[in-house]
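Notes follow once the structure below has been shown.
Just so we're on the same page: letters track the sequence lines, and every chain starts at 1. Keep in mind the model is a prediction, meaning the values are calculated, not measured.
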Protein chains: 2
Amino acid sequence: MARKPDPDQIKLDDAARAGWLYYIAGNTQDEIARKLGVSRQTAQRLVSLAVSARLIKVRLDHPIGRCIDLARQLRDAYGLDRCEVVPADPASASETLGVAQAAAAELERHLVSPHPVIIGMGTGRMLRDMADQVSPMECPQHKLVSRVGHIAPDGSASQFDVVSRIGERVAAPHYPMPLPVIANTVHEKALLLAQPTLRNVIDLATQADITFVGIGTVDDHAALLRDGFVRPEEVRALMKAGGVGEITGWAYDAKGQLIDGLTNDRVLSVPLDHPARRPVTGVAMALGRLKAVKGAMVGRLINGLVTNERMAEKLLEK
Amino acid sequence: MARKPDPDQIKLDDAARAGWLYYIAGNTQDEIARKLGVSRQTAQRLVSLAVSARLIKVRLDHPIGRCIDLARQLRDAYGLDRCEVVPADPASASETLGVAQAAAAELERHLVSPHPVIIGMGTGRMLRDMADQVSPMECPQHKLVSRVGHIAPDGSASQFDVVSRIGERVAAPHYPMPLPVIANTVHEKALLLAQPTLRNVIDLATQADITFVGIGTVDDHAALLRDGFVRPEEVRALMKAGGVGEITGWAYDAKGQLIDGLTNDRVLSVPLDHPARRPVTGVAMALGRLKAVKGAMVGRLINGLVTNERMAEKLLEK
DNA sequence: TCGTTATCTGGGCAAATGCCCAGAATGTAT
DNA sequence: ATACATTCTGGGCATTTGCCCAGATAACGA
């Protein structure tokens, strides 16, 4: 029962204490330094550590009229079941700011339920940032399951194993998919999917009570391209076939119809339900994804959306 | 459907937006001023309004080792079912700082449940500050019921109508108790309690799934004295009879046994269950309440406690 | 034991913040 | 229309913060 005085733990403890004194008790960093018996510089580092280690959570607890309004309009215009719009920072270059937090809050609403829930997950930068915003908690009653592989083309585990990130944070059983996103050949796809251990993961994913997915583009900046899952000529072929977006690797056109053939023949992710009959929430805010998001909603590949004001306005134009 | 542009609402909207840009997007106040098209001073006022209007919620999401430890020790030492300890700011004069927030968070954990819950409430400054920390939400499924009256001796509604404060904030049905805390005579008590409409409130209170109460002292600084419910000589009589604390007006001694007679004959609050068989959480941090808190735990008038480090240490001494 | 590395201290400084003021602009009551 | 109150502006200033530095100190590995 004797506990090791883990130096990292102690430091985080101090950071938490400093953060508490700063943000809750309203102390100045000078006062904190005195109370904790350290220099002001150390105190300032502790406070900023508390923020960067996400010990301190700041959230906005007020419905901004314009955002509520845009969300309602989006729901009506696209027949969404769920929609949340957060403010936009016109100057920020971030592609996830605010939306990742809102999606995390939405996820937490499910996690706090005592009733067991199966939560499906896509991948990508947005969902990874969302994962980092989820509060640590204890929810062994839920299951987190990935719809998509997280193995990079070189065989390494990619940094986008969202399900494991969240699963470890909230102490929930999680089912990652140890595959690449797209197989090299149709034959390889058949081989990989024949693994018996995958059966359970795929079954769980199709039974998910709620699923969160990122929404990718099909263009020169496609995440699939950047991460090396497809070659530039494959992206061009997809674009020629009308592709405007992808969800967990599945490419679709402006009407939200899946592209026939091409890379879709080799995608290893759990097939998309179209139209989605269970709740599937898309999370996206970068303007470059406009057509991709629109297509996903029109084809009802998603029936929920978390985005920001700017994207919401664009989605409602004309 | 045309909405009035309520100026207050617009201002809060702007405050929320400014708060978002400041705390979430990390803008400086200069940038916010430019983006919102106002002066920097106005921006700074909006940001501080967002804080003071509690639009911005900051919470610490990290278990500080020492606090966890103290909570565990308190649970063991006093046989508590629930205990939470928050950090203390040695310099702060506030009598609710931190503990009110923690109690609000605890309350919110019950409020987010989709399953209907009956929540009992005491009164006092601590619970009022706790009420102000509760996030606005929609929970019509729950019921909030007061165990104690909120009518001041002069007949005015006191500022401590905690149940209505929370009930309006979270859109839940609430049942305040339109009585003083203590009647002037035994006869008046019988008359007041005969009101048929009180029956339902009292029944609900005794059925509460969870109850939050403040813990008052019986001394020269007693809240009951300050608020004019008892006279100084009555307090002295209670002290002579061994009184160390009071919960919803019921005075008890160091062993947690209710005082016989005296003001307890005229208290209008719902009688305390002793030992408490349903969850009753006491909320207190001021060191002057040490004996009162100890008595409440020893006599098991409460079986849960929210307090801070300093009080926790005192409670564990010898 | 002696370097090497990481961390803390204390000084210092530019930027950001909180808050004061007087005056302008706006809305309100007479 | 005039006086009054409220709010915003823009200037200004003391405090606080974020971050740089060089030197001191502690921790670690050879």
Which of residues 49-60 of chain A sit near DNA chain D, with a heavy atom under 4.0 Å from it?
none
Tell me whether the OP1 or OP2 atom of [N] has a side-chain N or O from [X] closer than 4.0 Å.
| X | N | value |
| --- | --- | --- |
| T28(A) | dT15(D) | no |
| T42(B) | dT7(D) | no |
| Y22(A) | dT17(D) | yes |

Got a donor-acceptor contact below 3.5 angstrom from the [X] side chain to the [Y] backbone?
| X | Y | answer |
| --- | --- | --- |
| R75(B) | C83(B) | yes |
| E31(B) | T28(B) | yes |
| R54(A) | D132(A) | yes |

If you compare all heavy atoms of [X] against all heavy atoms of [Y], which two are closest, and at what distance to 0.1 Å?
| X | Y | answer |
| --- | --- | --- |
| D219(A) | H221(A) | OD1-N, 2.8 Å |
| R169(B) | A131(B) | CD-O, 3.5 Å |
| P176(B) | H174(B) | CD-O, 3.4 Å |
| A172(B) | L144(B) | CB-CD1, 4.2 Å |

Can you tell me the distance, in whole Å, between the [atom1] atom of [X] and the [atom2] atom of [N]?
| X | N | atom1 | atom2 | result |
| --- | --- | --- | --- | --- |
| D30(A) | dG18(D) | CG | P | 12 Å |
| N27(B) | dA15(C) | CG | C1' | 15 Å |
| I32(A) | dT16(D) | CD1 | P | 12 Å |
| Q29(B) | dG18(D) | CD | P | 13 Å |
| L36(B) | dT7(D) | CG | P | 18 Å |

Between the protein and nucleotides 19-25 of chain C, which nitrogen or oxygen pairs come in under 3.5 angstrom?
from: dC19(C); atom 1: N4; to: R40(B); atom 2: NH2; distance (Å): 3.4

E95(B): which of R128(B), R310(B), R289(B) passes salt bridge (Lys or Arg N to Asp or Glu O under 4.0 Å):
R289(B)
Under the criterion side chain to side chain donor-acceptor pair (under 3.5 Å), I'd like the reasoning laid out for T96(A) against R125(A): C-alpha separation, chi angles, the key distance, then a yes or no.
CA-CA 8 Å; T96(A) 61; R125(A) 283 154 185 85; over 6 Å; no
